[in-house]
Visitor: 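Can you read through this structure? Questions will come right after.
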There are 2 protein chains.
Amino acid sequence: MNKNIGHYKKINQGSNILNNNLDITRLESIKNANSSKKVYDSTARMEDYLEVIFELVQNKGYATTVDISKYLNVRSPSVTKMVQRLDENGLLEYEKYRGIRLTEKGIQIAISTRKKHELLSEFFRLIGVDKETADKDAEGLEHHLHPESIKKLEKFVNFLKKNQELFNN
Amino acid sequence: MNKNIGHYKKINQGSNILNNNLDITRLESIKNANSSKKVYDSTARMEDYLEVIFELVQNKGYATTVDISKYLNVRSPSVTKMVQRLDENGLLEYEKYRGIRLTEKGIQIAISTRKKHELLSEFFRLIGVDKETADKDAEGLEHHLHPESIKKLEKFVNFLKKNQELFNN
DNA sequence: AAATAATGTTAGATTATACTAACATTTATT
DNA sequence: AATAAATGTTAGTATAATCTAACATTATTT
């Protein structure tokens, strides 16, 4: 027994317990935010792949394993693995050694992801963030937006574009 | 061989290859966003735990396994495991069956995470997103913001608060 | 068309996070 | 103080995503 620490609940670090009416609003917010979501939001990464595949198809007409791996900065076996999973999920059709074709569902997800990306990136640029950072952040955020937030952000970005003189960073 | 698909590169889905000067700006953005190797101090999930632990310590003076698990919506063994990892990373001090104490480094990460959360949540509320959704999205986004974006968003939110009449959603 | 290069896939390992079941310790109740 | 309840931990399993090494297929060069 480490006498320096003592009884469990006595490991007391913060403001005192004197304050009995706890302000747990923040904790409740966190709880609420964590209550429904799965931590392994496997769709986030799938969306990344779909987005890149879609862009490649747009640009070159097809998406190869090597190209996908290049733009996502992963190795080719990772691409093969994910592509097989996307196929199992009906987001694309995969034929070994031959190629892939996005399904309608896959295309919809890709487009929606791209739209979020563009929206976020545009917003950050509007408030003065440099393009590179804006893009990087947009990439990180695009999977975590509620439809309502997207709608509101769209409206807001539209407003902002028309009134850029209001806020000069 | 599936004759329906044919030669690899002929799986051609998008706009034609005719367009030789490819617009790969979007792809380059994605590539850039994914290129920086992840040299992280703490993962997103670690930050979640630190945030909850910090809040609990603030409110009750200590953070128990059960409470942490409750607010993060995970089971207690997951908490124990993560707490041990946070200890290994020097973000808190853990003593089996006795309790935990955040280190200075852990506190800094928790505070910074909380600030981002508050900032994002406030922003979403300012543009008309309801509190619950704002919180949920903030929780998802808070780990993915570049310091520059935070700074700019702070400035912007301050401006917005002082000029709420400008944008009425 | 044979040899070489490029590309794609499989197998097996690794890390992060989570879970359940079983067990250990601490706290509360009688 | 003995028992029961609550809390905390370990062990073992699962999934998502990644990697390297080895192998397979397709494309290019000679």
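Each chain gets a letter, A, B and so on, in the order the sequences are listed, and its residues count up from 1. What you see below is based on every heavy atom in this structure, not just the backbone, and it leaves out hydrogens, waters and symmetry mates.
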Visitor: Between atom OH in Y49(A) and atom P in dA16(D), what is the gap in whole Å?
Guide: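 The distance from OH of Y49(A) to P of dA16(D) comes to 14 Å, rounded to the nearest Å.
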Visitor: Is the backbone N or O of E132(A) less than 3.5 Å from a side-chain atom of D130(A), with the two atoms forming a donor-acceptor pair by type?
Guide: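 A pair under 3.5 Å: yes.
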Visitor: Does a side-chain N or O from R75(A) land closer than 4.0 Å to OP1 or OP2 of dG8(C), or not?
Guide: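 No.
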Visitor: Would you indicate which nucleotide in dT26(C), dA18(C), dT10(D) comes nearest to any side-chain atom of R45(B)?
Guide: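 It is dA18(C).
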Visitor: Determine: side-chain N/O of T80(B) to OP1/OP2 of dT10(D), distance under 4.0 Å, yes or no.
Guide: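 No.
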Visitor: Can you tell whether the side chains of R26(A) and E118(B) come within less than 4.0 Å, N to carboxylate O?
Guide: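 E118(B) and R26(A): salt-bridged.
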Visitor: Taking the side chain of Q84(A) as its heavy atoms from C-beta onward, which of dC19(C), dT10(C), dT26(C) lies nearest to it?
Guide: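 Looking only at side-chain atoms, Q84(A) lies closest to dT10(C).
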Visitor: Looking at the side chain of T43(B), which of dA16(C), dA11(D), dC19(D) is the nearest nucleotide?
Guide: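 Given the options dA16(C), dA11(D), dC19(D), the side chain of T43(B) is closest to dA16(C).
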Visitor: If only atom types and distance count, is the side chain of N34(B) paired as donor or acceptor with the main-chain N or O of N73(A) below 3.5 Å?
Guide: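 Looks like no, no N/O pair under 3.5 Å.
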Visitor: Taking NZ from K81(B) and P from dT15(C), how many angstroms apart are they, rounded to a whole number?
Guide: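 Atom-to-atom, K81(B) to dT15(C), this comes out as 12 Å.
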Visitor: Tell me the interatomic distance from E47(B), atom CD, to dA16(C), atom C1', rounded to whole angstroms.
Guide: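 To the nearest whole Å, that distance equals 14 Å.
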Visitor: Please work out which of the three classes, parallel, tilted or perpendicular, describes the rings of F123(B) and F156(A), given edges at 30° and 60°.
Guide: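 Because their plane-to-plane angle is over 60°, the rings of F156(A) and F123(B) count as perpendicular.
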Visitor: Please report, rounded to the nearest Å, how far the P atom of dA24(D) is from the CD atom of E95(A).
Guide: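 It works out to 21 Å between those atoms.
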Visitor: From CE of M82(A) over to C1' of dC19(D), roughly how many Å is that when rounded to an integer?
Guide: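 Result: 15 Å.
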Visitor: Given dC19(C), is OP1 or OP2 found less than 4.0 Å from the side-chain N or O atoms of S78(B)?
Guide: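 Result: yes.
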Visitor: Are Q84(B) and E88(B) linked by a side-chain donor-acceptor pair shorter than 3.5 Å?
Guide: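 Absent: no donor and acceptor within the cut-off.
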Visitor: Below 4.0 angstrom from OP1 or OP2 of dT9(D), is there any side-chain N or O of T65(B)?
Guide: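 So the side-chain polar atoms of T65(B) do come within 4.0 Å of the phosphate oxygens OP1 or OP2 of dT9(D), strictly under.
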Visitor: Just how far, in rounded Å, is P of dG8(C) from CG of D87(A)?
Guide: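 Roughly 16 Å, once rounded to whole Å.
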Visitor: On the nucleotide dT10(C), are OP1 or OP2 found under 4.0 Å from the side-chain N or O atoms that K96(A) carries?
Guide: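 Checking dT10(C) against K96(A), a side-chain N or O does come within under 4.0 Å of OP1 or OP2.
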Visitor: CZ of R98(A) versus C1' of dT26(D): gap in Å, rounded?
Guide: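 Those two atoms, CZ and C1', are 9 Å apart.
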Visitor: May I ask you to verify if any side-chain N or O of Y94(B) is less than 4.0 angstrom from the OP1 or OP2 atom of dT9(D)?
Guide: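 Yes, such a contact exists.
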Visitor: What is the separation between atom CG on D67(B) and atom P on dT7(D), rounded to the nearest whole Å?
Guide: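 The answer, rounded to whole Å, is 9 Å.
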